[in-house]
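One structure below.
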Amino acid sequence: MNNWLMQHRHALTLAIHRLASTPLTSLLAIFSLAITLSLPAGMAVGLQALRFELAGLPQQGSMTLYLHRHTSQADLDQLAHDIHSLPGLAGARFISRTEALATLTRHLGDASLARELRDNPLPDTWVLTPSQLDSSFASQWRARLAQDKAIDQIQDNGHWIERLHALYRLGLRLTILLAILLALAIVTVTGNTTRIQLVMRLPEIEVSRLIGATDQFIQRPFLYLGLVQGLLAGGIAWLILVTGILLLFPYVASVAHLYHSEIALAFPPLRQALAFCGLSGLLGMLGAWIAVRHTLLVNRLQ
Amino acid sequence: MIRLEEISKRYPGGHEALTDISLEISAGELVYLTGHSGAGKSTLLKLIAAIERPSTGALWFHEQNISRIQRRSIPWLRRNFGLIFQDHKLLFDRNAIHNVLLPLEIAGFSRHDAFARARAALDKVGLLPRERALPVTLSGGEQQLLCIARAIATHPPLLLADEPTGNLDSEATASIMRIFREFNRTGTTVIVSSHDPAAILPGTGRVIQLDHGRVLP
Ligand SMILES: Nc1ncnc2c1ncn2[C@@H]1O[C@H](COP(=O)(O)OP(=O)(O)OP(=O)(O)O)[C@@H](O)[C@H]1O
Ligand SMILES: [Mg+2]
C-alpha cells in the first residue's frame with residue numbers, strides 16, 4: 001500500500017478510535033447535529049409535496065362573471081366587446097345557462113333534477129383567465145367592467161391558488177434560511193467538539209511536532225473526526241426523516257383525500273440522501289478545520 | 001555534519017543564554033556537552049533541533065542553514081534527529097510501545113513495520129518485557145530508557161540527548177551512557193548533555209564545556 005494511502009488510513013482509524021473513546025460525548029454531539037439537520041430536510045420534503053400539488057393545479061387564476069337573468073342583447077354584446085378589450089386576457093369562455101344546467105345534471109348524475117326544476121335557476125356566465133398568475137389583473141378588470149349593466153356578480157377564483165404559491169415561496173425561503181443557519185450550527189458544533197478533543201491532546205500534538213510531525217499529519221485525524229461526525233449525523237438525520245415520513249404518511253393521505261388532492265409525502269431519492277450526508281460531512285470537516293487551524297495558531301507549537 | 005558560526009541566543013526576556021559560539025561536529029562523533037546548570041546546554045541542543053532560533057550567527061546541518069529554516073520545513077529536518085528531552089515528554093495516556101510507535105507513525109511506516117521497529121528499539125534499551133506498561137508505572141530510569149527507545153526507533157543519523165541521566169544514580173547513569181556509546185559505535189552521531197562530569201565515560205568522545213553561554217577552550 002502506498003504511503004499516502006496509509007497515512008490517511010491511519011488518520012481515519014485514529015479519528016474513529018477517538019470518537020469511540022468518548023462514546024457519550026460523541027453520541028450527544030452527533031444526535032444534536034442529526035436533529036438539527038432533520039429539520040430543514042423535513043421542511044424540504046413537505047415543500048416538495050406541495051410543489052407537486054401546485055404543478056397539478058391550473059397555472060392561472062380565473063374570474064367568473066355571473067350575468068343578470070334578463071339582459072338585453074345589446075348589453076350582452078357590449079359586455080363581450082368590453083371583455084375582449086381587457087388587458088392581459090388569455091382566454092374568455094361564455095357558458096350559457098342551459099349549458100351550465102346540463103353540466104350540473106351530469107355531475108349530479110340525476111336527470112330528474114332538470115325535469116323537476118320548472119325553470120333553470122342558473123345564470124349565464126363568462127369565465128375569464130388572465131395570462132399571468134398574479135392578483136393585479138383582478139382589481140383592474142373589476143374597474144373596467146364596473147359599467148357593464150349585464151353583470152350581476154364578479155368572483156375571483158384565482159386567489160387561493162395564488163395564496164398557495166405565495167405560501168410555497170415563503171416556505172422555500174424559510175427552509176433555505178433555516179438550512180443556512182443550521183449549516184452554520186453544524187460548523188460551530190463540530191468545531192467545538194474538535195476543539196475539546198484538541199485541547200485534550202495538546203501534549204500529544206506538542207510531542208508529535210517535536211519529533212517531526214507535519215501540520216497535515218496533526219490535522220488529518222481531526223478533519224476525519226469532523227467528517228465522520230458529519231456523515232453519521234447526516235445518516236441519522238435521514239433515518240429520522242424517513243421515520244417521520246412513515247409516521248405522517250396516513251395522516252397526510254387522509255387530509256389530502258378530504259381536499260380531493262393527490263398530495264403525498266414522497267421518500268427523497270437515494271442520490272439526494274447521499275448528497276445530503278456528503279454535505280453534512282463536509283460541513284463537519286469545515287468546522288474541524290477551523291478549530292484545528294485556530295488551536296495550532298493560538299498555541300504556536302514549534 | 002553540524003557547524004555553528006558565531007551563534008548567540010538571547011531569550012525574549014533579555015537573558016543571553018549563548019554568546020558567540022563557533023564549533024563543528026562531524027558525522028560519527030560522540031560529543032559530551034557539559035557545564036553548570038544554566039550554562040546553556042539545553043539551549044544549544046534546542047537551536048540544533050530548530051526548537052529555538054539563534055539571535056545571530058548561522059547554524060548548518062549538512063548544507064541546510066537551520067537558523068533560516070522555514071516553519072514548514074522543520075518537520076522534515078527533525079526526522080533526522082532522535083530527541084531525548086530533559087523532561088522526557090512521554091505521553092502518559094498510552095503504554096510504552098505506543099509511545100515508541102509515535103515517531104514511526106509520523107515517519108509513515110506501515111503498522112507491521114512500525115511494531116517490529118518499536119519492539120527492536122525497546123529491546124535495545126532492555127524495556128521489551130515492559131512494552132505494555134504505562135509510563136507512570138515505570139521508574140525514573142526506565143522512563144528515560146523509554147524516551148531513548150522512542151528517539152532511536154526510526155534509526156536517525158543524529159541523537160540529541162538533553163540531560164538523559166538527570167536524576168539517576170551512578171549505576172543507571174553509566175548504563176545509559178553505555179547505550180549511547182553503543183549507538184555511536186554503530187555509526188550514529190550522538191550529542192549528550194550533562195551537568196555532571198562524572199557521567200562521562202572517559203576516553204569515549206569529545207567533551208565540550210560550556211560556561212555562562214561560552215565554550216571553554
Ligand atoms: N525560554 C526561555 N526564556 C528565557 N530564558 C531562558 C529560556 N530557556 C532558558 N533560559 C535561560 O537561558 C539560560 C540557559 O538555559 P539552559 O536551559 O540552556 O541551561 P542548561 O545548561 O540546560 O541548564 P540545566 O543544566 O539546568 O538544564 C538560563 O539562564 C535560563 O534561565
Ligand atoms: Mg538543560
Side-chain angles (χ1 to χ4, degrees), chain A residues 1-26 194-225 289 292-302, chain B residues 12 45-53 66 69-94 98-115 135 146-154 156 158-160 162:
Chain A
M1 201 181 339
N2 79 33
N3 196 15
W4 180 85
L5 210 67
M6 216 160 55
Q7 296 256 335
H8 277 268
R9 202 184 62 172
H10 173 73
L12 182 61
T13 328
L14 213 59
I16 292 171
H17 188 79
R18 285 176 187 176
L19 211 57
S21 71
T22 53
L24 188 67
T25 319
S26 309
T194 310
R195 199 186 53 80
I196 293 168
Q197 287 270 357
L198 271 161
V199 170
M200 273 167 43
R201 289 171 197 284
L202 273 181
E204 177 182 344
I205 294 173
E206 191 206 343
V207 172
S208 299
R209 278 213 57 92
L210 283 174
I211 59 182
T214 56
D215 280 355
Q216 290 90 307
F217 180 87
I218 290 167
Q219 278 173 29
R220 219 175 278 134
F222 293 103
L223 296 188
Y224 272 114
L225 192 68
W289 183 78
V292 176
R293 293 309 308 176
H294 178 78
T295 309
L296 289 183
L297 274 181
V298 164
N299 289 283
R300 293 205 160 275
L301 296 170
Q302 275 296 313
Chain B
L45 293 174
K46 282 178 185 165
L47 291 183
I48 296 172
I51 296 169
E52 295 284 351
R53 281 173 192 260
I66 300 175
I69 193 170
Q70 288 191 319
R71 189 181 179 276
R72 65 182 148 80
S73 308
I74 291 177
W76 310 104
L77 172 77
R78 289 203 184 133
R79 293 187 194 182
N80 295 301
F81 309 147
L83 296 182
I84 295 149
F85 306 95
Q86 195 162 3
D87 55 351
H88 305 337
K89 294 202 191 296
L90 292 172
L91 296 175
F92 288 90
D93 63 348
R94 60 198 71 190
H98 277 96
N99 267 280
V100 180
L101 280 170
L102 190 62
L104 294 161
E105 285 163 354
I106 289 170
F109 285 96
S110 74
R111 199 175 160 71
H112 180 264
D113 290 356
F115 267 95
L146 181 54
C147 201
I148 295 171
R150 184 178 66 187
I152 60 166
T154 57
L158 175 62
L159 271 184
L160 299 172
D162 191 8

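Chain identifiers are assigned alphabetically (A, B, ...) following the order of the sequence lines, protein sequences preceding nucleic acid strands; residue numbering begins at 1 within each chain. Just so we're clear, the structure is a prediction, and the values are computed from it rather than from any experiment.
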More than 12 foreign heavy atoms under 6.0 Å from NE2 of A:His17: is that the case here?
-> no
Looking only at heavy atoms, the pair that brings B:Arg79 and A:Thr214 closest together is NH2-CG2, 3.7 Å
Segment of B:Phe81 engaging chain A (4.5 angstrom heavy-atom cut-off) = neither
Can you say whether B:Arg150 sits under 4.5 Å from chain A via the side chain, the backbone, both, or neither, judging by heavy atoms?
-> side chain
State the NE2-CZ distance between A:His10 and B:Arg111, to the nearest 0.5 angstrom.
-> 9.0 Å
For the atom pair CD (A:Glu204) and CG (B:Asp93), what is the distance rounded to the nearest 0.5 Å?
-> 6.5 Å
Of the backbone (N, CA, C, O) and the side chain (C-beta and beyond), which part of B:Ala49 lies under 4.5 Å from a heavy atom of chain A, both, or neither?
-> neither
Identify the heavy atoms of B:Glu105 and A:Gln7 that sit nearest to each other, and give their distance.
-> O-NE2, 3.7 Å
Minimum heavy-atom distance B:Leu102-A:Val207, with the two atoms named | CD2-CG1, 4.0 Å
Given A:Arg201 and B:Leu91, is the side-chain contact (heavy atoms from CB on, under 4.5 Å) satisfied, shown in steps?
-> CA-CA 10 Å; A:Arg201 289 171 197 284; B:Leu91 296 175; over 6 Å; no
To the nearest 0.5 Å, tell me how far A:Leu210 CG sits from B:Arg78 CZ.
-> 5.5 Å
Approximate separation, where rounding is to 0.5 Å, of B:Ile106 CD1 and A:Ile218 CD1 | 7.0 Å
